Amino acid sequence: MIGATSFSPLLLAAGAGADSFLERLPLVIRDTVAGVFPAPLQWLVGSTLSIVAIVAIFGGIFAGLTLVERKMLGRIQNRPGPNRTGPMGLLQPIADGIKALTKEDIVPRSADHLLHYLAPVALLAFSILTFAVIPFGRNLVPLELDAAVLYFFAAGAASELAIFMAGWASRNKFSLLAAMRALAQLISYELPLLLSFVPIIMLAGTLSMTGIIDAQAGWQLGFIPRWYIFTPWGFAAFVIFLIAALAESNRSPFDLPEAESELIAGHLTEYSGFKYALFFMAEYFGMIALSGMAITLFLGGWRAPLPFLEFIPSYAWFGAKLLVLLLFFIWIRGTFPRLRIDQLTRLAWKFLVPLALVNLGTAAFWSLTSGWSGALQLVRWALTIAMVIGPFVLLGRGLSGTHRPRTYRYA
Amino acid sequence: MMETLEQVRDRLLARFPGGEVTLIANPGPAAQHSLALGLNQAAAMALFLRDDPDLRLDYCSNVTGVDWPEKEIVESTKVTVPDPAGGPAKVVEQKTKRIQPGYLEVVYHLYSMALKHGPVIVRLRTGNRHDQVTVPSFTPVWRSCEFQEREVFDLFGVKFSDHPDLRRILMWDEFTAHPMRKDYVEPDDYEWEPTPHGTVLEKAKAHYPATAVAAPTAAVGAAHHTPAAAAVTTAAPVVRSDTGLETRATPAPKEGTP
Amino acid sequence: MLGSGLLQGLKVTAKNLVGSFHDPERLTTLEYPEQKAKLPENYRNFPFLVSENATDPMGTLRCVGCQICEKECPPQCIYIEKSKDKKPDATGKMQVYPVVFDIDTSVCMSCQICVEVCPFEAIKMDQVFEIATKDRFTALLLDRNQLAKPNSYYHEIHPTEAAEVDARLLAERKAAEEKAKAAATPKPAVAPTPSPTATAPKPPEAPAAGGTPAP
Amino acid sequence: MSGVEPMFPSPSSGAHVNAVHDPFHGDLLEVSMGPHHPSTHGVFRMMVTLDGETIVKLKPVFGYLHRNHEKLGENTSYLGSMPYTDRLDYLNSMTNNWAYALAVEKLAGQPVPERAEYLRVILAELTRLLNHVCLAGFLLQDTGASGTPLMYAFREREKILDLFESLSGSRMMCNYQRFGGCRVDASPEWLAGAQTITNNFGRFLDEYEELITGNEIMMARTQGVGALTPELAISAGITGPMLRATGVNYDLRKVDAYGVYSRFDFRVPLGDHGDTYDRYMIRILEMRESIKILQQALPALPAGPIMDPKAKIRGFRPKAGEAYGRIEGPKGEIGFYLISDGSPNPYRYRVRPPSLVNLTVLEDMCLGQTIADAVIILGSVDIVLGEVDR
């Protein structure tokens, strides 16, 4: 029932290669398998297949990502990383999984057992929910919603609740502090995250993911894609989004809830074994989902970066962009120290939120001047760039305050 | 350059008429002589040493205790008994053949960061080692004494009046003895290990009478203590004790040995 | 501008990430069990007893059971019982020998003080470090059979030092022989037997000469 | 009894903290950080009372690594204590050895040959590099930099440890200095290796600083955090880089000019704020000065013996007397106070631990800061528990 026909608008909008066999392969497989079953069950089988595919593929990506992260961090830190399990350490995730499964599951006697049990499950569930609306490829949207963007952030925000559950239920002071931090972080960063892509919704005129990707179709000057990141305001919004996404997914340098040098392991302190692994998995799923969102909103979704590369299937492009973003996250993790909680919230409220608001105006200006051409086009670019950089410098000065490199005297 | 210790003593005596200040000579090559302050005005004297513009001993580097028990005093009077004349040290050695009561001593090494001189060594002595062990604390004068005086209290049992936070610092709060005293006897706790040393073996026998570890200990001990049994070590009796400790007289081959 | 320091940091880590693939300075680890670092000659681990030859280690131990190392050992990990009788050593001289010589390597802290105080060059530091065992009791208590290693092994692990020691011992022996000869010529009846105790003479440079000579 | 008004009273000492009991604030939270906390640098424990995340009381708890080092020193010979000093501050065994050797040499009036003095300076400055580079790494680790600066620091540290190993036979427990000289002489190859490391170290520091010193997060985390006034620092006996970060010019290498330090041209960097950033930067700058000293000392190493010919290894019995010897260790003034009664063992053997004394002001620095700051303030104090607890 949910066949290729339901995506026909998409197919029409697609360019060359849209009908290629590789592009349609996932759908063909699904329809073939579903076709075996009687017609009334086909929708159920089709959906189940989608769910299984998502969980399997992203579970695999998670497993690979843990290895890639450890390898890349290792390389950044001048060491080879895990390389003992299997060739080049490729079996390390399996070993980790077995270890997590076989470890003793310790629950503090005074913990709230139900919540303590539910927290990792809920966290994982919420983060898997967000995958439902991300367009992984030209025809690969698990759930086509008109307000997909809203759904995504609603589901994503719920994950912080699970962290609070974990912190509260553990009945550990460090966990509790982590839970409070998680809440503060959620409230602070939800706002810049949402504000950063409001301009896109404004310009695209839709809350639908496919609609936003469609709005980024086409080429400037014949080869530069019309992705939002290639506009001054879009770039600024992308940076804000990335920073907020790092904070939302509790990644370094915003990994305050589990700041290991202060709070031991934060909300994870009292978790062990597979529950711990579930938290780990949920964190990575959240990171992958937010990266997917960033790709959809700013990087043209599954679209190819150059016209002649369109023969490569769309989901491959999505995967490539996802990989680049994830590697960037790891790179950041390998470089930056962690912020303090008050600095974290200050960064959100005094820097990112105003910047996002200004950016809204910049995007509006961009939208209003879309008719300008020739020399006016240059003026348009210059003005928008100034509208991005000016507030950044001014707000940045306020944010850094008295912090600057010092000179020292000698006796 | 800093004034000599004699001058410091004289100025202290002039400034504090009722006070006691004794110059204690150090016979060793280091020649770091010291001042013993009477306890009644010691804190005020310390304040004077800190604030006097010529001395300005604003930095108390080292605080430590020394235990001088009754018996040892005869041998060690060379170091500690004051030379009244302040003359060369040789004279002192011959005169100090008398038995003194034991006492505890707190030694402070003072320096001046402002004038970059030092050390001036100040000693406080308790009346005895049991009940008169209170000396004034110098923590109000130099904050650096805070932890070090706590340590002296902990390890030597010197009590410091006016110390803001006089608790044990290194040993646990329930500990009662003072381990750095010369007459401290270590507690008789013992964990079995296969060392051949006689003292440890004696302890082992006391702690594991007859059964348990006595068997392997005896095996090791017998092998080592009777020459006739020396050959036994090269044989390989496996001794299994009741505690489950299994010992082999021939240890496992060392891996990696060429 | 805000963020320039962050970008600089990213640049450095990127440089290291790329460099770790081609620059040996940026990937300094060794794959331990397969690759082994070359131990420096001075490396020390636990002591061993030098015997003159490998075929009869117990008969040719240099140790005369003088117990100096036992006294000087800071953690008291050496236990020695010396013999009541005398046995000819490698040079044929009658010497007291250790009946029991144990080192508890679970207590030993590899400080080398026993080597420095030994007047007979009888105890030296080994370089074997892969000595993990499953038995923390007796397997770590080494007796003299396990401790004895031939002089050739000593030459293998500390070549420079061993050569010096051999030269010194040879010179000492020669001097002793000549002295004995000189003493024997006028008065053959009284042969001086050097006491094998702590008062035995030792060349003054011996304690300091743990390693290579001054350039 | 004395009635002396303390100039710098110990904050919240003994008394319990006045809790704010209104519905908004709620109760205070007492957290035991340590002894198994990941960033208390060993088995150190801080009893922290928090109002939200703000510290209102912090009491350090010591002794988890206490082994009564001083009693051991009284029960073993003078030489036997030397390997134990390695284990005080196990990062800096060379300087510990030197401080102890210096104190014993003072006690016995033992001269040291010139080559040994130069070797001591070289090894002490290498140790300073090693310690400071570790500190820079650990401090960044405490701020949450996921190991990268620490690994770079360790990469360089390993090179210096290799040098120590090839000279003394052990990487960390060097047991190298002796009363009246050093144990092993340095070969020309060793000196060449030391020269190479010295030459390359500046480049490493440049890269390290590029990575982290200008980093905005690092500056935000450390500047203005845990500030210490020079007056309090002096009164509390703070020494080493932590003291100089407050602007007090007191470096024993200049003040006492022990060894042959007076022959080298180097400067003492001073901070103006006394905060964590200054403490970090002073150490970076001190490393650059150490490189300068090494560049002067390595080529100038004179030939000659490394042990005084009259020095005794066995049967060392100094005359009765006492001596306090101190040097500028990487963490501050490390001193040894010895009383001899003429026997082979010291009558009293005392270590003046810089780490412990520097911790005196931990609470002063942490009050009003957050729990995240406490960790990096502790990191910037640079403690090693082997020395704090002894």
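All of these numbers come straight from a predicted model, not from anything done at the bench. Here is the naming used below: chain letters follow the sequence lines, and residue numbers restart at 1 for every chain.
Without hydrogens or angle criteria, D/Arg155 side chain to C/Leu27 main chain gives no donor-acceptor distance under 3.5 Å.
Residue contact with chain C, scored on non-hydrogen atoms closer than 4.5 Å, involves the backbone and the side chain of D/Ser166 alike. For D/Leu167, the part lying near chain C is the backbone, with the side chain staying farther off; criterion is any non-hydrogen pair under 4.5 Å. With a threshold of 4.5 angstrom between heavy atoms, D/Ser77 approaches chain C through side-chain atoms but not through N, CA, C or O. Only the side chain of D/Arg87 comes within less than 4.5 Å of a heavy atom in chain C; its backbone stays farther off. With a 4.5 angstrom heavy-atom cutoff, C/Thr29 does not touch chain D via any of its atoms.
Comparing C/Gln127, C/Met125, C/Arg26 by how many heavy-atom pairs each has under 4.5 Å with chain D, the most go to C/Arg26. When each of C/Ala37, C/Ser4, C/Ser110, C/Cys73 is scored by its heavy-atom pairs under 4.5 Å with chain D, the top score falls to C/Ser4.
C/Asn16 places none of its side-chain heavy atoms less than 4.5 Å from the side chain of D/Met151. In this structure the side chain of C/Ile113 reaches within 4.5 angstrom of the side chain of D/Pro83, judged on heavy atoms. The closest side-chain heavy-atom distance from D/Tyr152 to C/Thr13 is below 4.5 Å. Between D/Tyr84 and C/Pro75, some side-chain heavy-atom pair lies under the 4.5 Å cut-off. No side-chain heavy atom of C/Thr28 sits under 4.5 Å from any side-chain heavy atom of D/Glu156. Taking 4.5 Å as the limit, some side-chain heavy atom of D/Arg183 sits within range of a side-chain heavy atom of C/Glu116.
Note that the CE atom of D/Met82 and the CD atom of C/Gln112 stand 13.0 Å from one another [nearest 0.5 Å]. Taking SG of C/Cys111 as the reference point, atom CE of D/Met173 lies at 12.0 Å (rounded to 0.5 Å). One distance of note links CD of D/Glu165 with CG of C/Asn42; it measures 9.5 Å at 0.5 Å rounding.
Heavy atoms from other residues, nucleotides or ligands lying under 6.0 Å from CD of D/Gln195 number more than 12.
Within residues 199-217 of chain D, the residues having any heavy atom closer than 4.5 Å to a heavy atom of chain C are D/Glu207, D/Glu210, D/Leu211, D/Gly214, D/Asn215, D/Glu216, D/Ile217, listed by residue number.
Closest of all the heavy-atom pairs between D/Lys159 and C/Glu25 is NZ-OE1, 3.3 Å.
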